Amino acid sequence: MREKIRTLVLSSKYWRLVAGVFLFSRISTLLFPFDSDHWIFYYVGRCWLDGDILYLQVWDHKSPLIFAINAGMHAIMGGNIILHRIFLTLIAVLTLWLFYLTAKRVFERIGRSDVTLNARVATLVFAVFGSLSQFTNSGNNTENFGVLALILAVYCYFRWRQSKLWKWLVYSGAAISCLVFLKLNFSILLLPLLIDLWSLHRKNLRRLLFYVGIWVLPTLIQAGVWLSYFIPRNLVREFVIATFSFNGKYLRAGLACNLSGQLVFVAILAAGFLSFLGAYYYLFKNNRSEKLLLRNIGLSALLFSVILGTFYTHYFLVVIPYFCLVFGAYWREVLKSRFLMMLATLGLVLSVGISFKQLYNRFYGDVATEAVNMTTAADYVRAHTSKTDKVIFYGYGATFYRLAGRDSGSRYISASHPLIDEREGFGYDFTGKYIGDLAVSKPKYVIIDQSTIDIYSQNTKITDYFSRRYELESTLPGYEIWKIKD
């Protein structure tokens, strides 16, 4: 079997195979349900571009870079979901090609024979797992852009390692700056590069600090850009909360098992990791003889996975390239063992099945029913409001606002943030600010999502406010429409 794989992977048919595998695996992403996190990032980016002040008038717990990207999408493509997904697919294609180039650099660095063969095997595996919808979600989130930034940072670092041209270290630093300002915890995956740089210049501290300075400079520059926006508006604290502080406390809440629904995600992740279990077995078995770089790549991926705190499956897209590199290094050994090969095959089949189950739900399952119900409620609100009227969707996400063509009466577009802050005692007073926003904007309607009200009704301060100032006007499948009292 190994010789058949070798012949196929090194043949002229390989890239057609990769293209076919990529498109097949990405079908569920291309047809991902309309109701997704996609519209959160787009909504914030659109409002920011249209003049709202980020973190003061529109808010989500992400750093500004993802909103800037979505503002650009809005400026160029408007709200056309088809154009968005074509663009996001092109980003994924670029990521896949760059992964192949990076894999070749890594295998050259660790002294593997058959560099091209190993890189192609790893790329084929990445074309599958890096395209499945449980990991990509809708394709528009910090992870999908973060995985591109990570791979670019690694590729440029090894171009610098080979050529010693400073420009490649600057390019790597620029990619790292994007990684940091997409999500700070992605930086854990830079440990293999940092350790490699230290081992290269540990005997010359001055040179080591010089290169680290060049590497870090783009991050400092980008930080200065963001601070130049927030300092004049006296919003540095809000910037720090949304970008770093809230997410740190959210991570601790996850580690304390205070977030619901995590077991399902753990099961989905475990199914996927079966495909890489054999490769990790050999990595640990050969720990003493294996190159430090590959060990650190494998260990940093595990470290990231363990300390992430929450197990939403799309959070793990950024570690899949590292898993694939470990697999590319040990695929021959895995195929030698019938048991490990069966585990890898089982993980592949289960993961593809999970992705296509999501596709099935998109058209025939509960997701399809919920989409019809949300559209009906959005049509009702749009018919009974003007474009300048504010509304409140008391549930998760910004899809309703997109469907209704109306903006939120609060900076917090999801009910989850005030709830988590209130329940976990983060101390940001999101609930007070949420109610304050409503008192000023006076939303004409509050739309209650019945599928999540058991969770969000825990924030009694907000629900009591609704009860005092709104009255039930209409009950639709899955939703209650409450109108402000005269």
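Computed from a predicted model, the values in this text were never measured in an experiment.
Taken to the nearest 0.5 Å, the CG atom of Leu49 stands 11.0 Å off from the CG atom of Asn70. The OG1 atom of Thr29 lies 12.5 Å from the NE2 atom of His314; values are rounded to the nearest 0.5 Å.
Closest approach of Val236 and Ile231 over heavy atoms only: CG2-CG1, 3.5 Å.
For Tyr171, the OH atom sits in a loose shell: 12 or fewer heavy atoms of surrounding residues, nucleotides or ligands are nearer than 6.0 Å.
Of the listed residues (Trp215, Tyr157, Tyr155), just one forms a side-chain hydrogen bond (donor to acceptor under 3.5 Å, both in side chains) with Ser172, and that residue is Trp215.
Tyr43 carries Arg46 over the face of its six-membered ring, with the cationic atom under 6.0 Å from the centre and within 45° of the normal. For the pair Arg233 and Tyr229, the cation sits on the ring face: its NZ or CZ lies under 6.0 Å from the ring centre, inside 45° of the axis. Cation-pi geometry between Lys249 and Tyr428 is satisfied (NZ or CZ under 6.0 Å from the ring centre, within 45° of the ring normal).
Using bins of under 30°, 30° to 60° and over 60° for the plane-to-plane angle, the ring pair Phe145/Phe87 lands in the tilted bin. Relative ring orientation between Trp160 and Tyr211 is described as perpendicular, the plane-to-plane angle rising above 60° on a 0-90° scale split at 30° and 60°. Relative orientation of the Phe304 and Phe316 rings is perpendicular, given thresholds of 30° and 60° on the angle between their planes.
Ring centroids of Phe311 and Phe265 are separated by 6.0 Å or more, keeping the two rings apart.
With sequence neighbours excluded, the residues satisfying side-chain contact (heavy atoms from CB on, under 4.5 Å) with Val21 are Leu17, Ser25, Leu124, Ala127, Val128.
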